[in-house]
There are 2 protein chains.
Amino acid sequence: MASNRGPVSFSRGDDGQLSVKRGGGGVVSGLSSVASHENLLWVCAALTDGDRVAAGKAPGGMLGLDGSPGGSAVRMLDIPAGTFNRAYNTVANSVLWFVHHMLYDTPNQPQFGLAFRRDWDAYREYNMAFAQALAAASDDPPDVRAVIQDYHLALAPRMLAELRPEVKIAHFSHTPWAPVEYFRLLPDAVAAEVLDGILGADHAGFLCRRWADAFVDCCERVLGASVDATRRQVSYRGHVTGIGVHPLGVDADDLAGRAGQQDVESRMAALAEVVGDRKLIVRVDRSELSKNIVRGLVAYRELLLTHPELQGKVMMLALAYPSRHDLPEYREYAASVQRLARRIEDEFATPDWTPILLSTSDDYPRSLAGYRLADVLLVNPIRDGMNLVAKEGPILSDRGCALVLSREAGAADELGEHALLVNPFDVSGTAAALHQALIMPADERARRCRSLAAAGSALPPAAWLASQLAALDETS
Amino acid sequence: MASNRGPVSFSRGDDGQLSVKRGGGGVVSGLSSVASHENLLWVCAALTDGDRVAAGKAPGGMLGLDGSPGGSAVRMLDIPAGTFNRAYNTVANSVLWFVHHMLYDTPNQPQFGLAFRRDWDAYREYNMAFAQALAAASDDPPDVRAVIQDYHLALAPRMLAELRPEVKIAHFSHTPWAPVEYFRLLPDAVAAEVLDGILGADHAGFLCRRWADAFVDCCERVLGASVDATRRQVSYRGHVTGIGVHPLGVDADDLAGRAGQQDVESRMAALAEVVGDRKLIVRVDRSELSKNIVRGLVAYRELLLTHPELQGKVMMLALAYPSRHDLPEYREYAASVQRLARRIEDEFATPDWTPILLSTSDDYPRSLAGYRLADVLLVNPIRDGMNLVAKEGPILSDRGCALVLSREAGAADELGEHALLVNPFDVSGTAAALHQALIMPADERARRCRSLAAAGSALPPAAWLASQLAALDETS
């Protein structure tokens, strides 16, 4: 397994001591339950200063799953900080992420000039470090399979295939895939290299049919690859790549176990006291440009304006924990969210009622408490590979929550029938869906919530990985 | 004929007197040569205070082509200013234009809330005013044909069809058409209404195959209309709309005649003195977010950095005349252009050499002088329906200019073979193309320029209109 972020992460305390914790982030939280799979080596990058120290101390960067040096479960790559920063922050998170989520302010950004060419070289180096580590781990055939994760590692499949032609390779994209007219923003050679990189894999997986189709469309129209529409295969440079849809779900038992712990219970009690007998709308997101927090707040404001009878009877809990504060666009976005929440507070609050509770710090048990107490869960990204919040919320909801869900989230494929789908750019439409969710009869809400929970836990991480490996084994 | 802007425009002097001039804007300059077509009534909106006074004085808003009241060539509609402003500035220019050119800063804009619903109602009223005027002009059948122009009037075809089922209706889009994944930003009902509005026409025309295909794709995937791919027809609600591609070109004789006048010659002389024996790169655009002036300047800067041998040997003339200064994004964009030009000046200028001449005032003869003197013409929009600059420049060029052209302009379809095509987001690629253009042998440049001029004048406005009418007459 290869992914940018690994299953363990180290931080260095004031005393210089390293402490270890489970890695964070959407992909890792989905994959960590499979990390103990036997014979699995997880290759990841050192992200923090603590990671670099730990990776440097362990021979060959090899660690146990508990972070102990000298294990055989994790190999943490100490990629030079300058290379890592350009590959990760600039190319992966400020270019590929923006392209796939269609986030650019196009009149002004992107500008692919001299600096980008240097950044792209760093992205190649970063991918090559992973490919070489995977190749080194593949020195004992037979039956070695490599599963490479996400847009950070789009080139690694081709690089590994060239280093070790006998290794079976799967790549999985956790993001959306851009429509071809937007993908073409990338410089031509870069666009071709990204597609060719993934086509180095024997199997390329996506979270829903729509993203898989967009990828195949790009292969056809940008690369001129030939596509077998029936068998879902792309042929390019004499190699066939199978295309699969594997909608990652939630391990419901694992999640429910965590949500029953004392730290969650105590946060529920505190929150329940503030909310009282009001209806509670909950959203839980990273402060990420694609998550559409601003329009969600504008829709809530429109709801309060157009349905004054709800004033004092409803609250919104908006948990927007920090994300990518290295990027100025993200700091500005987080500031917009705070300004807007304060404006709603100023406009509507009464001595007895706080219309909105915004929290911008990371507190996982509080997020779980929010899920459990939600009457309505609002998940309205402008574009999202899957969105696990939409699956986790209904699984945990004590009250049988209604789900207002963006049709632009991959999760809409599986959950759309039981959710209230919205166009995320349509603030009035979102406000109307929130209203519909709030007045939905309890029995209908409970019934829909059960269906959402069932759909959301249909393919938990272990089964999701198994389905990819099975598809990989079927490739010739 | 119906279009927002008409063939005449009035301004009121300090003394209250009205003066009349030819209307401006890309569409009108293309169409004005057909305005004297016999039996043609041109329906347009009053845009200026002077227009409103003139329209109010003339019985029924009827004017001659010279602006005289009581003529029968022009009907100028005095639409209430508030309605006009919401329909034109907000819906047409800040929403539909942005959608078709993919200009939004998507994390923040658009936000379709309560205000937009009111704006949309204004857009309907504005379209209905045109539909009613066209219906009134169609009271004398047989063989009345209505040709309705552009994104301002997307609803008018359906409205007119309902008022006068016997009138043959053509609609023509002078913009690109958005890919379906971007078109879906619009609220669902609005997206459907726009498509249905145009499908009220018997024939829908586009500037190139790509925009026509995008429109048909939207009809199929958003409306569920059925598409006859071979015959290029869309069937919806029991009505068939033919889809045509009519690449509007330039009347070369007319243009060359204008460019030979004294005011152009005197500007050429002044400019030639500044340029001397240096190579001249010219760009001529409205200061419009889609025109990509900023990246064009950044590419010029990269050219000077990576080819220091060109410093002192090349100049850029950037004519960026004002556009849509009512919209804050446009003012900010124009300011960015000015800052960047000053930065290049500060960085490279010597006592003998000014690297860039930026002018932001509207001076048509100076634009023509620029075309005539250009060694290289840079036309790099991020997305453009056609771009007539790319056609006008080579027609007028005395020196046989090379054309660096965005592949995202509709003109690339006809001119791509003889131009140097660039990805407009790729600054380094654009710099490389400018270099290639500058070092191109004179005979190759002249040969390409002749081919560009021939392609650009292939379908002048009169023939362009005739081809639409012929296609309209073929519809059943």
Please identify, among A/Val294, A/Leu114, A/Asn292, A/Val190, the residue contributing the most non-hydrogen atom pairs under 4.5 Å to chain B. A/Leu114
Any non-hydrogen side-chain atom of B/Glu332 less than 4.5 Å from a side-chain atom of A/Pro107? no
Kindly compute the distance separating OH (A/Tyr104) from CE (B/Met102), expressed to the nearest 0.5 Å. 13.0 Å
Report yes if some heavy atom in the side chain of A/Glu408 is under 4.5 Å from a heavy atom in the side chain of B/Leu185; otherwise report no. no
Look up atom OH in A/Tyr182 and atom CZ in B/Phe425, then write down how far apart they are to the nearest 0.5 Å. 7.5 Å
I'd like to know whether CD of A/Glu417 has more than 12 heavy-atom contacts from other residues, nucleotides or ligands below 6.0 angstrom. no
Chain B contact via A/Pro179 - which portion, at a heavy-atom distance below 4.5 Å: side chain
Distance, nearest 0.5 Å, that separates CZ of A/Arg383 from CD of B/Glu181: 5.0 Å
Where does B/Gln111 contact chain A at under 4.5 Å (heavy atoms): side chain, backbone, both or neither? both
State, with a plain yes or no, whether a side-chain heavy atom of A/Arg184 is found less than 4.5 Å away from one of B/Asn423. no
Which atoms of B/Ile293 are under 4.5 Å from chain A, going by heavy atoms: the side chain, the backbone, both sets, or neither? neither
State which residue, out of B/Thr106, B/Asp105, B/Asn108, B/Leu289, fulfils the side-chain contact (heavy atoms from CB on, under 4.5 Å) condition with A/Asp105. B/Asp105
Under 4.5 Å heavy-atom distance to chain B, tell me which part of A/Thr430 shows up: side chain, backbone, both or neither. neither
Among A/Gln109, A/Arg210, A/Glu288, which has the most heavy-atom pairs under 4.5 Å with chain B? A/Arg210
With no hydrogens and no angle check, is any side-chain donor or acceptor of B/Glu302 less than 3.5 Å from a backbone partner on A/Gly113? no
Which residues satisfy the side chain to side chain contact (heavy atoms under 4.5 Å, CB included) test with A/Asn387, sequence neighbours excluded? A/Lys291, A/Val379, A/Pro381, A/Asp384, A/Val389, A/Ala390, A/Ala409
Heavy-atom cut-off 4.5 Å, strictly under: side chain, backbone, both or neither for A/Ile382 against chain B? side chain
So what's closer than 4.5 Å to chain B heavy atoms on A/Tyr333: side chain, backbone, both or neither? side chain
Salt-bridge present (A/Asp426, B/Arg117; N to O < 4.0 Å): yes
